[in-house]
Amino acid sequence: MPSTNASLTAVFEDMARLTEVLGGNGFKVNAFVKAARVVEALERDAASFSRSELVALPGVGTGTADRILEFVESGAVADHEDLKERVPAGVVALMGISGIGPKSAARFWHEAEVESIDDLKAAIDDGRLAALKGFGQKKIDGIAKSLAFAERFGDRHRRGVAAALAGAVAEAVAGVEGVRRVEAAGSLRRGAETIGDVDVLAAVPGPGPSAEDPTPAPDPGVTAAVFDAVEKLDGVEEVLVRGDTKLSVRFGAGLQADVRAVPAACFGAALAYFTGSKEHNVALRERAGKRGMSLSEYALTDKRGGAVVASATEAEIHGALGLAFVPPELREDRGEVQRAEAAHDAGEPLPRLVETADLKAELHAHTTASDGVMSIDELVEAALARGFHSVAVTDHSRSQVQANGLSAGRLEKHIEAVRDAAKRWKKQISVLAGSEVDILADGTMDYPDDLLAELDVVVASPHAALAQEPEAATRRLLRAIENPHVTVMGHLTGRLVLKREGLSPDMPAIVKAAADRGVALEINASPYRLDLRDRHAALALEAGVRLAINTDAHGPDNFLNAVHGVATARRAGAQARDVVNTFGREELAAWIRSTKR
DNA sequence: GCCGTTTTCGGCCCGACTGTTTTCAGTCG
């Protein structure tokens, strides 16, 4: 995303929060949030838009347009600066604590002199909070718990741990007598790289929605059994909420799971609702309203009379709203509703996104030669078990000493061993000799060109000097892309999810160079990496760059991580033909040859 | 602040749950 857009997104988000804490008009707050979403989703730099082009964007009026122009001109928005002067910097942060919203944050600030998280802790300890009307011991205990929790774990989690937990919860729920269907929803289903809470939805017996009973209750007996089963799961530390339809539990590992029970006839509406995102849901409800309907987690209904229009499946609801079915990974209110409308009007579905089952090759995997746990044959067998027609053996290069990277001499011998295995496995699978070659800080490769020329597949990856300035990082990566032997650029930024920011190169320049050169950019599917991230993958696709979804497998189970890489690719809108791992055996071989200069 | 085959003014997305309330505000998703 162009940097102007990122900065403007932050400005509008901050204006929303500041307006909220100052008790301003809630609809104005929503308008700022919406403006942030619109700017975030722009495909061009906001600076390149004229005023009339801006006003034509849905959600952007003259006020937002003028603020965008002001920011492009001067680098700041006067109204935003004014708001910031009126609110201490730490007050907005209070709203980041679960249980504290704008009203409470404002009261803490005005009535208890709380202007930061540290102030809040002190105010809890010295009784200033308890002196406020409406804040009993339970509320204060809840806030103290949330504070301690946020400090211990932060509020986001890698999707790998969230997926595992969701699986355990879903399994427990599915085992309850009377449960018709179970599905993980929320940001996990949308394929997001980090997850706040795990949402699991259970369909249980109960009446369908109707004009007389628009919010039918799920069977209380089955619902109670579902909630009991989840509360009994290993690792449940605390029950936060338990009502007639909703259970929230907190696990010791720091994750929270929300379980909802709905009558089976409402499952589609509920699944759409709990999958979100919030912004996407709001967009759908607004759309429903404009068409004389109302959308809730129970049903899409006619406003007059309340007749049920659709409720059982998501596809029916989207269709009744005049939309093609929107895959969960696209539901971020980044233009998908408009695209689904256009597709629906043309009588077509949205393009089919890449699926895990489409993957037929792995181009980045390690063996015991460097830091993997599989022999060459074990790696080949793991690939065969996935139904793959090709696998590249890509152990670390010599600079990766801690990972037992191969010296030039060891690589020569390793290539021989791979070629030998390739002959033995030839009838079943193509075994390719490769290497994950370090891109050194100056952009040179960790092996000389004549050695690289002996390899079928070169995955070029940065591993060190990951705090480099953007200019240096850009030069470094461009130089690697220009190397005539490189096939795939591996985990391009070197970021680690929730842990390390990694390189911040000029992505438009990188994707243009990759397009010109014909190399693929990897989506590293490890939930620790997910690098490229979704936005960058979308930029690559726009530039016509092929993606490679690789698991970077160090052990056989790592192949299962492909699903996370696919989720990221789907968020970017990737179709199967955009991903080289979906190519047929001969097609892939031909593509690899085409990358050689 | 945005928006209009109900509206250029007066609306604007829907429901569950909790706490401290005696009828509802605040928060969350």
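Each chain gets a letter, A, B and so on, in the order the sequences are listed, and its residues count up from 1. Note that the coordinates shown come from a computational prediction; the quantities given were computed from them, not determined experimentally.
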| message | I need the A/I317 CD1 to A/L295 CG distance, nearest 0.5 Å. | response | 6.0 Å

| message | Is it the case that atom CD in A/E81 sees more than 12 heavy atoms from other parts of the structure closer than 6.0 Å? | response | yes

| query | Picking from B/dG15, B/dT27, B/dG1, which would you name as closest to the side chain of A/S296? | reply | B/dG15

| task | Scan every strand shown for a Watson-Crick or G-U wobble partner of B/dT8, both distances under 3.5 Å, and answer none if you come up empty. | result | none

| task | Look at all strands and tell whether A/E279 reaches a base, only sugar-phosphate, or nothing, counting heavy atoms closer than 4.0 Å. | result | nothing

| Between B/dG11 and B/dC17 - P atom distance, rounded Å | 30 Å

| said: To the nearest 0.5 Å, what is the distance between OG on A/S526 and CZ on A/R158? | reply: 8.5 Å

| Nearest to the side chain of A/A31 - B/dC17, B/dC12, B/dC2? | B/dC2

| request: May I ask you to verify if any side-chain N or O of A/R291 is less than 4.0 angstrom from the OP1 or OP2 atom of B/dT5? | output: no

| request: Whole angstrom is fine here: how far is it from CZ in A/F274 over to P in B/dC14? | output: 15 Å

| task | Look at the side chain of A/E297 and decide which nucleotide, out of B/dC12, B/dG15, B/dG19, has an atom nearest to it. | result | B/dG15

| message | What's the closest nucleotide to the side chain of A/S104 if the choices are B/dC12, B/dT27, B/dC17? | response | B/dT27

| request: Whole angstrom is fine here: how far is it from CZ in A/R250 over to P in B/dC28? | output: 12 Å

| query | Do any side-chain nitrogens or oxygens of A/T245 fall under 4.0 Å of OP1 or OP2 in B/dC17? | reply | yes

| Test item: side-chain donor near acceptor, A/S277 and A/R331, under 3.5 Å | no

| message | Please pick, from B/dG1, B/dT18, B/dG15, the nucleotide with the shortest atom-to-atom distance to any side-chain atom of A/V241. | response | B/dT18

| message | Expressed as a whole number of angstroms, how long is the span from A/I143:CD1 to B/dC28:P? | response | 10 Å

| Residue pair A/H280 / A/E336, side-chain donor-acceptor N/O under 3.5 Å | yes

| Distance between the P atoms of B/dT22 and B/dC28, in whole angstroms? | 23 Å

| said: I'd like to know if the side chain of A/T4 pairs up with that of A/D45 as donor and acceptor (distance under 3.5 Å, no hydrogens or angles considered). | reply: yes

| said: Counting only side-chain heavy atoms from C-beta out, which of B/dC14, B/dT20, B/dC2 sits nearest to A/T62? | reply: B/dC2

| Atom CG of A/L83 to atom P of B/dG1: distance rounded to whole Å? | 10 Å

| request: For nucleotides B/dT23 and B/dA16, find the distance between their P atoms and express it as a whole number of Å. | output: 22 Å

| request: May I have the distance from A/D258 (atom CG) to B/dT27 (atom P), rounded to whole angstrom? | output: 18 Å

| said: Heavy atoms only, 4.0 Å cut-off, all strands: where does A/D197 land among base, sugar-phosphate and nothing? | reply: sugar-phosphate

| said: I want to confirm an ordering. Mapping A/Q256 and A/K303 to their closest nucleotides on DNA chain B, which one lands closer to the 5' end? | reply: A/K303

| Separation of A/R260 atom CZ from B/dA16 atom C1', in whole Å? | 8 Å

| task | Measure from the side-chain heavy atoms of A/P102 and tell me the nearest of B/dG1, B/dT27, B/dC14. | result | B/dT27

| Which value, rounded to the nearest 0.5 Å, describes the distance between A/L57 atom CG and A/E53 atom CD? | 8.0 Å

| remark: Which of B/dA16, B/dG26, B/dG1 is nearest the side chain of A/N25? It is B/dG1

| message | What is the separation between atom CG on A/D141 and atom C1' on B/dT18, rounded to the nearest whole Å? | response | 14 Å

| query | Counting only side-chain N and O atoms of A/S248, is one of them less than 4.0 Å from OP1 or OP2 of B/dC17? | reply | no

| query | From the list B/dA16, B/dG15, B/dG1, which nucleotide is the closest neighbour of the side chain of A/F27? | reply | B/dG1

| query | Expressed in whole Å, how much space separates the C1' atoms belonging to B/dT7 and B/dC2? | reply | 13 Å

| field | Which nucleotide in B/dT20, B/dG1, B/dT18 has an atom nearest any side-chain atom of A/K138 | value | B/dT20

| request: Using the C1' atom on both, measure B/dT6 against B/dC12 and round to a whole Å. | output: 14 Å

| note | Assign each of A/I100 and A/L247 the nucleotide of DNA chain B bearing its closest heavy atom; nearer the 5' end lies the nucleotide of A/L247

| query | Over how many whole Å does the gap from A/K133 atom NZ to B/dG26 atom C1' extend? | reply | 15 Å

